[in-house]
Amino acid sequence: MSRLLLILLLSASCHASATVPLVRAELSRNYGLVIGDLLQQRIALGTPATPLVLSGLPPGGRIGNSLWRRSAMVDIDAAGQHWLQLDYQIINTPQTLTVWSLPALTLTAGTDRLAVAGMPFSIAPFTPLQALNAVALPALQPDQAPAPVALAPITLRIQLAASALLATLLVWGSMAGWRYLRRGRHLPFARAMRDLQALHTHADTSDPLAAQRRLHHALNDAAGEVVRPATLARLLASSPYLLSEKKALADFLDQSQAVFFGSRPVPDATTVTALARRLRRLEQRHAA
């Protein structure tokens, strides 16, 4: 008798250890769902006293053609109850009001397997095929285009601004050119070149020193004093742009002094004009 009682107790104990705890599941909403809505499914894992530890969480991603599992996590409420929380998003829509269902799940917790049945919910189409049968509504129209912008005033303002800019540039250019020409006409070597060209056009055989004397006047004007070999250094110090012609100027002054004292013949006017032309070029570069 005692042996039979022991066998019955062992059998009841084995049966209790193989019993899977009752699974409780909740759904955040069951009605009034459309495409894009979010659903949250909560599945109880054991009891607060004996929670179940899952071997793994359901993977995320697309489920069929209508659902997307966004996340899966285990949450513990204030009472100590463990919940498996699954978030879904509806990514499709039916043509008519119908009932869909979340997929059934089989969860593994050690040696136990928890079977979770699918949970139904109603879903409506995003837009009915025909909104109202009693009223003949016109067909849907395309988006209304924005009002055209009047381009004529904008074009006129652009043209006026461009004209004002062009006029300003022309005035600035004219003033700069006029100042450049004015400086060129009144600079010492520029005036000397005009006179030397006139001398070549109307050659005066009675005054063979005219070209040499005209260049001397230009040197005196540039230096602000009479330029002689002894004062050439002061001219170059006040007008350093003439330094490249230092030797030519020294030779010209020595030659002029020799001509004055009669020990050397009168230099060729062409040589004097070539030196004056080089000096005018240097003068123009410096003035610019």
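Since the model is a prediction, treat every value here as computed from it, not as a measurement.
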> Who pairs with Ser122 by side chain to side chain contact (heavy atoms under 4.5 Å, CB included), at least two apart in sequence or on another chain?
Replying inline: Tyr31
>> By the side-chain hydrogen bond (donor to acceptor under 3.5 Å, both in side chains) test, which pairs, at least two apart or in different chains, include something from residues 48-60?
In response: Thr47-Thr50
>> According to side chain to side chain contact (heavy atoms under 4.5 Å, CB included), who are the partners of Thr98, at least two apart in sequence or on a separate chain?
In response: Pro94, Trp100, Ile123
> Going through the checks in order, is the side chain to side chain contact (heavy atoms under 4.5 Å, CB included) test met by Met119 and Leu39?
Replying inline: CA-CA 11 Å; Met119 304 187 69; Leu39 279 174; over 6 Å; no
Side-chain donor/acceptor pairs under 3.5 Å, residues 229-240, sequence neighbours excluded:
| residue | atom | partner | partner atom | Å |
| --- | --- | --- | --- | --- |
| Thr231 | OG1 | Val226 | O | 3.3 |
| Thr231 | OG1 | Arg228 | N | 2.7 |
| Thr231 | OG1 | Arg228 | O | 3.2 |
| Arg234 | NE | Glu225 | OE2 | 3.0 |
| Arg234 | NH2 | Glu225 | OE1 | 3.1 |
| Ser238 | OG | Arg234 | O | 3.2 |
| Ser238 | OG | Leu235 | O | 3.0 |

>> Going by side chain to side chain donor-acceptor pair (under 3.5 Å), name the residues that satisfy it together with His82, two or more places apart in sequence or in a different chain.
In response: none
>> With side chain to side chain contact (heavy atoms under 4.5 Å, CB included) as the criterion, how do Leu199 and Thr273 come out once you've worked through the C-alpha distance, each side chain's angles and the decisive distance to 0.1 Å?
In response: CA-CA 10 Å; Leu199 287 176; Thr273 303; over 6 Å; no
>> Looking at every heavy atom in both Leu27 and Pro120, which two are closest together, and how far apart are they?
In response: CD2-O, 3.9 Å
>> Looking at Asp251 and Ala248, would you say the former's side chain and the latter's main chain have a donor-acceptor pair under 3.5 Å?
In response: no
>> Using every non-hydrogen atom in the two residues, find where Pro58 and Leu86 come nearest and quote the distance to one decimal.
In response: CG-CD2, 4.1 Å
> How would you list all residue pairs meeting salt bridge (charged side-chain N to carboxylate O under 4.0 Å, His left out) that involve residues 47-67, not counting sequence neighbours?
Replying inline: none
> Where is the tightest heavy-atom contact between Ser101 and Gly118, given as atom of each residue plus distance?
Replying inline: OG-C, 3.5 Å
> In the single-linkage hydrophobic clustering (I, L, V, M, F, W, Y; side-chain heavy atoms under 4.5 Å), do Met193 and Leu282 co-cluster?
Replying inline: no
Side-chain donor-acceptor pairs of residues 147-172 under 3.5 Å, sequence neighbours excluded:
| residue | atom | partner | partner atom | Å |
| --- | --- | --- | --- | --- |
| Thr155 | OG1 | Leu151 | O | 2.8 |
| Ser163 | OG | Gln159 | O | 2.8 |
| Thr168 | OG1 | Ala164 | O | 2.8 |

>> Under the rule for salt bridge (charged side-chain N to carboxylate O under 4.0 Å, His left out), what residues qualify as partners of Arg214, not counting sequence neighbours?
In response: Asp195
> Does Asp221 have any salt bridge (charged side-chain N to carboxylate O under 4.0 Å, His left out) partners at least two apart in sequence or in another chain, and if so, which?
Replying inline: Arg191
>> Give me the atom names and distance for the closest heavy-atom approach of Glu26 to Trp83.
In response: OE2-CH2, 3.5 Å
>> Can you list everything that forms a side chain to side chain contact (heavy atoms under 4.5 Å, CB included) with Thr271? Sequence neighbours excluded, please.
In response: Asp268
> Yes or no on side chain to side chain contact (heavy atoms under 4.5 Å, CB included) for Val227 and His216, after CA distance, side-chain angles and deciding distance?
Replying inline: CA-CA 8 Å; Val227 179; His216 269 288; 5.9 Å; no
Extract all donor-acceptor atom pairs below 3.5 Å that involve side chains of residues 67-74 and protein atoms in other chains or at least two apart in sequence.
| residue | atom | partner | partner atom | Å |
| --- | --- | --- | --- | --- |
| Arg69 | NE | Tyr88 | OH | 3.3 |
| Arg69 | NH1 | Pro59 | O | 2.7 |
| Arg69 | NH2 | Tyr88 | OH | 3.2 |
| Arg70 | NH1 | Gln89 | OE1 | 3.0 |
| Ser71 | OG | Asp87 | OD2 | 3.1 |

> Partners of Gln41 by side chain to side chain donor-acceptor pair (under 3.5 Å), sequence neighbours excluded?
Replying inline: none
